[in-house]
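Below you'll find the structure, written out as structure tokens, and then a few comments.
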There are 2 protein chains.
Amino acid sequence: MSLDGQLPPKIRLLRAAAELLANSGGSAVSTRQITQLAGVTAPTLYHHFGDKEGLFDAVVAAGFDEYVAGERDFAPSGQPLEDIGRMWDNHVQFGLNQPELYLVMFGNIRPESRPAIVADAEALMEEMLNKAAVAGQLNVPPREAARSILAANVGVTLMLIAEKAPERNLELSAMTRDAMIFAVSTEQARSERPEDAGKSSVVVAAIALNAALQASHSDQLSSSELKLFLEWLHRISTSSTS
Amino acid sequence: MSLDGQLPPKIRLLRAAAELLANSGGSAVSTRQITQLAGVTAPTLYHHFGDKEGLFDAVVAAGFDEYVAGERDFAPSGQPLEDIGRMWDNHVQFGLNQPELYLVMFGNIRPESRPAIVADAEALMEEMLNKAAVAGQLNVPPREAARSILAANVGVTLMLIAEKAPERNLELSAMTRDAMIFAVSTEQARSERPEDAGKSSVVVAAIALNAALQASHSDQLSSSELKLFLEWLHRISTSSTS
DNA sequence: CAGTTCATATAGCGTTGCTATAGGTGATAG
DNA sequence: CTATCACCTATAGCAACGCTATATGAACTG
């Protein structure tokens with residue numbers, strides 16, 4: 001019953017925890033099960049990981065590396081918003097392939113205590129959304145878009161995990177995914193042909209904003225602020241670098 | 001320490017469980033705490049509710065009645081899709097007002113075992129969406145729309161609960177809500193809700209410039225200038241264009 | 001009044017997460 | 001070669017957990 005004998009106890013504990021978690025079928029996993037499978041006693045676990053949650057965090061960290069690897073594999077498509085869609089699908093697949101691990105990662109919600117992994121996943125998605133924003137394809141700030149999309153992504157994945165496997169309807173995921181991506185994208189991105197996507201730059205964006213600001217009468221800045229703001233915009237717009 | 005003495009033990013148990021759940025601050029609630037507060041001993045709990053989960057289910061059932069009452073109170077507006085938006089907001093508020101209860105109701109996900117309450121909530125939303133469908137305002141079947149909207153609604157609520165109270169940004173909820181409702185509605189319904197029109201080009205340009213500036217390392221502005229500049233940009237980016 | 005059923009209490013089982021303490025191990029210093 | 005010391009692991013056990021076998025009282029029912 002014990003795991004391969006000659007690896008360090010720390011690694012044996014990690015593998016035992018991961019294996020039991022993957023096969024627990026939803027019921028809880030006890031430290032005694034883990035230590036027995038790892039072939040060590042209780043204090044060893046607490047020496048290396050502090051407490052049970054520390055061990056699970058470590059398992060989650062390994063799982064997250066795998067998750068990130070999946071998220072980055074097919075990233076470099078030309079279309080950032082298409083990549084967001086792939087990130088969504090990869091997220092759902094990760095959750096359905098390893099539901100127990102996913103639940104430890106994203107399902108263990110407690111009031112006022114955010115799992116660290118949520119922030120990591122948000123950052124990952126925000127990074128990709130930034131590319132879309134640079135290309136002028138986003139009509140909301142990348143951070144807010146990332147939080148919103150990830151929240152829906154997690155909600156859908158949790159719902160699918162809760163369903164019995166044969167009844168799982170991935171159309172739910174596809175529909176919600178498209179709705180969220182559509183909602184954060186600009187008309188230009190929706191019309192699907194951003195021929196000047198690669199050309200977007202600080203300068204182009206600054207010129208566009210300059211023109212847009214002067215055309216509208218935004219009241220978000222005071223007149224003195226606006227004057228300085230436009231001066232800086234001009235400095236950026238007329239710079240030849242980048 | 002014991003609850004009002006003359007009510008039946010079953011009701012005292014329910015109230016004790018609800019009260020402890022509401023004030024647990026995220027940590028677990030034990031049967032011993034509950035029975036002590038209710039002024040009864042352990043077997044009484046198991047006689048009436050079978051097990052701990054049975055008791056919690058009963059608390060949830062009461063909580064769900066309250067939830068449904070809230071969902072139905074302002075229902076009869078003329079616009080079904082507006083009512084869906086109110087159901088969404090009510091759902092989020094319910095979760096934020098009673099996070100512990102909400103987590104027992106919607107956060108206790110286990111693989112292949114759907115909480116009964118999810119089906120109830122879906123039915124409630126589907127009922128309302130049916131009205132929209134009858135009015136020709138839905139471009140997907142009500143059941144699928146309800147599942148999709150509820151999944152996003154739960155995801156957003158869980159994310160908000162996980163955040164520390166002062167940092168909770170309800171804009172996340174509003175944005176996701178509008179995205180989901182927009183996605184399931186027909187052109188006709190959209191034209192009746194002109195407030196969701198696209199954002200002005202100022203906002204889009206500001207977002208693009210913000211992202212571009214942070215991606216490149218432009219040296220056209222000093223760091224202190226850049227900081228203020230970005231702050232203004234953020235103000236413009238997040239301004240609502242109602 | 002006897003019989004039955006419901007409701008509660010006493011006491012305790014097995015398991016949980018965790019730890020106080022001590023023993024063994026290997027590397028380094030004298 | 002020995003002494004030391006930091007690191008790692010084991011023995012044994014605690015308090016708290018969910019839950020229950022059993023017994024006792026109360027309240028109906030014939």
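Residue numbers begin at 1 in each chain, while the letters A, B, ... track the order of the sequences.
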Summary of salt bridge (Lys or Arg N to Asp or Glu O under 4.0 Å) pairs that have at least one residue in residues 43-57 of chain B, sequence neighbours excluded: none

Taken in chain and number order and not counting sequence neighbours, the residues that satisfy side-chain hydrogen bond (donor to acceptor under 3.5 Å, both in side chains) with A:Tyr102 are A:His91

Flag the pair B:Leu14 / B:Phe49 as yes when at least one side-chain heavy-atom distance between them is below 4.5 Å, and no otherwise. yes

Please round to the nearest 0.5 Å and tell me the distance separating atom CG of B:Asp83 and atom CH2 of B:Trp88. 16.0 Å

Starting from C1' on C:dT16, measure out to CG on A:Asp51 and report it in whole angstrom. 14 Å

Please state how far atom CZ in A:Phe56 lies from atom P in C:dT16, giving the value in whole angstrom units. 12 Å

Specify the separation, in whole Å, of atom NZ of A:Lys52 and atom P of C:dT16. 9 Å

Which residues pass the side-chain hydrogen bond (donor to acceptor under 3.5 Å, both in side chains) test with B:Glu127, sequence neighbours left out? B:Arg72

C:dG17, OP1 or OP2 - any side-chain N/O from A:Thr31 closer than 4.0 Å? yes

So which of residues 102-116 of chain A are in contact with DNA chain D, with a heavy-atom cut-off of under 4.0 Å? none

Specify the separation, in whole Å, of atom OH of A:Tyr46 and atom P of C:dT19. 7 Å

Taking only N/O atoms, report every protein-nucleotides 7-10 of chain C pair under 3.5 Å with atom names and distance.
| from | atom 1 | to | atom 2 | distance (Å) |
| --- | --- | --- | --- | --- |
| C:dA7 | OP2 | B:His47 | NE2 | 3.0 |
| C:dT8 | OP2 | B:His48 | NE2 | 2.6 |
| C:dA9 | OP2 | B:Thr41 | N | 2.9 |
| C:dA9 | OP2 | B:Thr41 | OG1 | 2.7 |
| C:dA9 | OP2 | B:Thr44 | OG1 | 3.2 |

B:Ala132: which residues meet the side-chain contact (heavy atoms from CB on, under 4.5 Å) condition with it, sequence neighbours left out? B:Pro80, B:Leu81, B:Gln137, B:Leu138

Write out all pairs satisfying side-chain hydrogen bond (donor to acceptor under 3.5 Å, both in side chains) with one or both partners inside residues 104-115 of chain B, taking only residues at least two apart or from two chains. B:Arg114-B:Glu122

For B:Asp120, what residues pass the side-chain contact (heavy atoms from CB on, under 4.5 Å) criterion, not counting sequence neighbours? B:Phe64

Looking at residues at least two apart in the chain, or sitting in another chain, which of them share a side-chain contact (heavy atoms from CB on, under 4.5 Å) with B:Pro111? A:Pro99, A:Glu100, A:Leu103, A:Ile161

Please list all pairs passing the side-chain hydrogen bond (donor to acceptor under 3.5 Å, both in side chains) test where one or both residues lie in residues 147-169 of chain A, with sequence neighbours left out. A:Arg147-B:Glu163, A:Ser148-B:Thr176, A:Glu163-B:Arg147

5' to 3' on DNA chain D, which nucleotides open and close the contacts with chain A (atom under 4.0 Å from a heavy atom)? D:dC8 to D:dG13

Suppose we screen for side-chain contact (heavy atoms from CB on, under 4.5 Å). Which residues come up paired with B:Pro9, at least two apart in sequence or across chains? B:Arg12, B:Val40, B:Thr44

Once you round it to whole Å, what is the distance between C1' of C:dT19 and CZ of A:Arg32? 12 Å

